[in-house]
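See below for the structure under consideration.
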Amino acid sequence: MATLELRIYPDPVLRQSCEKVETFDKKLADFASEMIAAMDWERGIGLAAPQVGDGRCVIVARQMVDTEHTDAPPIVLVNPVVSFRSKDTWEYEEGCLSIPGINAPVIRAKSVQVDYDDIEGNHQQLAAEGMFARVLQHEIDHLSGRLFIDYLSTAAKSLIKPKLKQLAEEQSS
Ligand SMILES: [Zn+2]
């Protein structure tokens, strides 16, 4: 079982902005490994530090080629920033481990370029497209307290409102 506890909406930690990581030590590497374990435990394809109650700018994701993710290797991105977004967009049904039971279509850039530090603190850059690009945009949003439900139209929002309310009630009980 994963040692990190998943935080569920509307936990306020999900709305906080992350702090830039300056120290790249074994503690950070251990934390990243635990995040990967938690992502796999939850059968997720990406996870951001706030989702396990941590305020550091760290995400983990599976490097998927399409929507299949069985054997995609995990990657750790520290201090990730989307430095380029394609004008081309696509819509796809998204969900979030921190907002269980809710899925809704979100429009995202088809391809992105992301600047980040690897676990040793070396600056890196990667290009991603399709599902992997979507996951990166979703997880990097988490680092500034943004959730996929923020992108929904008023109509789509009102549709999921009862489910969000139910989640809030479950979390407060
Ligand atoms: Zn999420």
Side-chain angles (χ1 to χ4, degrees), residues 1-21 31-70 72-82 85 89-112 114 116 126 128-153 156-157 159-168 170-171:
M1 190 181 152
T3 51
L4 298 173
E5 193 198 340
L6 194 65
R7 300 300 186 93
I8 305 294
Y9 179 94
D11 192 317
V13 75
L14 296 171
R15 288 303 190 182
Q16 283 169 19
S17 285
C18 284
E19 274 175 43
K20 195 175 177 200
V21 173
F31 173 60
S33 300
E34 283 178 16
M35 278 184 69
I36 290 171
M39 171 175 72
D40 289 346
W41 172 257
E42 300 287 346
R43 312 187 80 163
I45 50 178
L47 190 70
Q51 294 183 273
V52 289
D54 193 282
R56 285 172 285 184
C57 288
V58 180
I59 66 167
V60 296
R62 293 237 157 238
Q63 301 179 74
M64 305 157 64
V65 177
D66 46 34
T67 53
E68 298 298 319
H69 57 95
T70 330
I75 185 172
V76 178
L77 293 87
V78 182
N79 304 322
V81 175
V82 178
R85 271 187 174 84
T89 58
W90 65 299
E91 194 175 51
Y92 191 79
E93 190 104 329
E94 266 182 43
C96 179
L97 292 176
S98 294
I99 316 176
I102 295 177
N103 293 282
V106 177
I107 297 168
R108 301 241 189 221
K110 221 175 223 175
S111 55
V112 293
V114 174
Y116 67 101
L126 67 78
E129 55 178 47
M131 201 58 194
F132 185 39
R134 176 172 294 276
V135 172
L136 292 176
Q137 290 171 83
H138 175 119
E139 302 309 335
I140 291 171
D141 273 353
H142 270 298
L143 301 181
S144 52
R146 187 177 266 270
L147 304 173
F148 84 94
I149 52 174
D150 301 343
Y151 291 101
L152 305 185
S153 66
K157 264 185 192 148
L159 221 60
I160 63 160
K161 214 174 170 184
K163 283 188 183 170
L164 288 179
K165 202 177 157 217
Q166 196 189 329
L167 276 182
E170 283 168 14
Q171 292 310 301

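Order of listing sets the numbers, starting from 1, for every ligand and every atom in it.
In this structure a side-chain-to-backbone donor-acceptor pair under 3.5 Å is missing from Asp141 to Leu147.
Note on Asp150 versus Arg15: salt bridge recorded, some NZ/NE/NH1/NH2 to OD/OE distance being below 4.0 Å.
Tally of protein N, O or S atoms closer to the Zn ion (ligand 1) than 2.8 Å: 3.
Heavy-atom neighbours of Lys157 NZ from other residues, nucleotides or ligands within 6.0 Å: above the threshold of 12. Other residues, nucleotides and ligands contribute only 12 or fewer heavy atoms inside 6.0 Å of the CD atom of Glu19.
Judged by a 6.0 Å distance limit and a 45° cone about the ring axis, Arg56 is positioned over the six-membered ring of Phe31.
Applying the side chain to side chain donor-acceptor pair (under 3.5 Å) test to every pair with at least one member in residues 128-137, sequence neighbours left out, gives these pairs: Glu94-Arg134.
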